[in-house]
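Remarks on the structure that follows.
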Amino acid sequence: MDQIRRVLIVGGTHGNEWTGVYLVKKLQRSPHLATRQSFTTHTLIANPQAHELGRRYVDSDLNRCFCQVDLENLALVTYEHQRAREIVQIYGTNGQTPVDFTIDVHSTTANMGQTVILRDTNSFSLQLAAYLSHSNPAIKILASAPSSKGKLYLDSISAFGCTVEVGAVAQGVLNAALFQQTEDLVNAILDFAEAYNCQPHNLPSPGTAVDLYQSWQTVDYPKNDQGELLAMVHPQLQFADYQPLHPGDPMFLTFAGDTLAYTGDCVVYPIFINEAAYYEKAIALRLTQTHTMVITP
Ligand SMILES: [Zn+2]
């Protein structure tokens, strides 16, 4: 793509993630904060009903409703499936106001600091990653695992997209320091889009190496036959997102006080550790591996 003409900043894809909701509300009150010369910026509260109810979603997870098969399946009539269709009809590639680049702002109860999740690792995404890492080395870059259903997430409605995850913050809570970190990160992404349009020679060039975490596999909690939890995330692992986990390191603590170790055979870097929203998804944590990629021409 030659130029980014429209950027969409989304908050409240999950209604109880207040950071993104209040950041979008702030930008709606003060649009100049998200204005850049070379493109127009749009903002959206993606799941307003869930936010009203103080819940992640009304019927189903909105951020799993964007695969083409589901969008075209009109038998899927949950609030979120209908909402996904509305969003695509407005901002999707063939919509009324198609956007070129979507920034979906989330928060997490895991200690993931400022994380940018890349939807793919094409040269645009890797340039964005290198730009952000250079602007702030504390920013973590996470490459998401390909989904068997194809495009699934809200940030896939446009040609380019990324997801912002900042934590640890509880659901339904605002943390001013993390709010500011989220705002800084979104601003840096907007600055990247502006440079992409106006000063591409200033962006990281092909051949530049990008260090990232590659999403690998998930680990569920130990459970009994009835699906009840048998253990909790081990205190040593709690809030240790992105820290190396070696074979034999503590992973879970049973209610009897026994430690259960990580039994893999390679060093991994867990993320989304004890994420509150993932108990229902049977995910205690997600394992990643470090990886270096090179920007291609
Ligand atoms: Zn979320």
Side-chain angles (χ1 to χ4, degrees), residues 8-27 43-67 70 78-81 83-84 86-88 91 102-119 139-145 147 149 151-158 161-175 178-186 189 213 215 218 239 241-242 270-286 288:
L8 178 65
I9 303 173
V10 183
T13 299
H14 296 132
N16 55 7
E17 294 175 2
W18 283 19
T19 310
V21 172
Y22 280 87
L23 178 59
V24 164
K25 287 183 185 215
K26 173 175 175 171
L27 297 178
T43 53
L44 173 74
I45 305 282
N47 199 332
Q49 270 194 27
H51 180 61
E52 291 261 305
L53 296 168
R55 285 169 26 193
R56 181 176 173 88
Y57 52 77
V58 179
D59 298 315
S60 62
D61 189 339
L62 178 60
N63 210 26
R64 303 291 184 276
C65 290
F66 288 88
C67 71
D70 287 358
T78 72
Y79 172 70
E80 276 80 12
H81 281 109
R83 183 69 182 143
E86 282 172 21
I87 291 169
V88 168
Y91 296 111
T102 303
I103 306 167
D104 192 16
V105 182
H106 291 249
S107 61
T108 170
T109 67
N111 187 25
M112 287 171 62
Q114 292 164 285
T115 294
V116 172
I117 305 178
L118 305 180
R119 197 179 70 202
I139 295 171
K140 301 283 199 297
I141 307 296
L142 172 64
S144 59
S147 155
K149 290 183 88 176
K151 296 171 177 176
L152 202 55
Y153 305 113
L154 194 153
D155 70 3
S156 66
I157 63 169
S158 50
C162 68
T163 293
V164 168
E165 283 280 4
V166 179
V169 61
Q171 298 173 342
V173 167
L174 286 167
N175 174 313
L178 293 181
F179 181 93
Q180 288 178 321
Q181 287 181 23
T182 306
E183 191 173 14
D184 290 347
L185 185 44
V186 170
I189 296 170
Y213 296 85
S215 197
T218 61
F239 294 133
D241 298 75
Y242 292 115
I271 59 169
F272 286 114
I273 296 169
N274 206 10
E275 160 60 48
Y278 287 175
Y279 278 78
E280 67 177 29
K281 294 185 193 295
I283 296 174
L285 49 118
R286 178 173 280 280
T288 72

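Whatever order the structure lists ligands and atoms in, that order sets their numbers, starting from 1.
Note on His14: its N/O/S atom closest to the Zn ion (ligand 1) is ND1.
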Open item on the list: Is there a salt bridge (charged side-chain N to carboxylate O under 4.0 Å, His left out) between Glu80 and Arg83? Walk through the geometry before answering.
Closed with: CA-CA 5 Å; Glu80 276 80 12; Arg83 183 69 182 143; over 6 Å; no
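A salt bridge does not link Asp241 with Lys140: none of the charged nitrogens is closer than 4.0 Å to a carboxylate oxygen.
Residue Glu165: no N/O/S atom is found under 2.8 Å from the Zn ion (ligand 1).
The neighbour count for Glu52 CD, taken as heavy atoms of other residues, nucleotides or ligands under 6.0 Å away, does not exceed 12.
Between Phe179 and Tyr22, the distance separating the two ring centers is not shorter than 6.0 angstrom.
Between Glu17 atom OE1 and His106 atom ND1, the angle centred on the Zn ion (ligand 1) amounts to 90° (nearest 10°).
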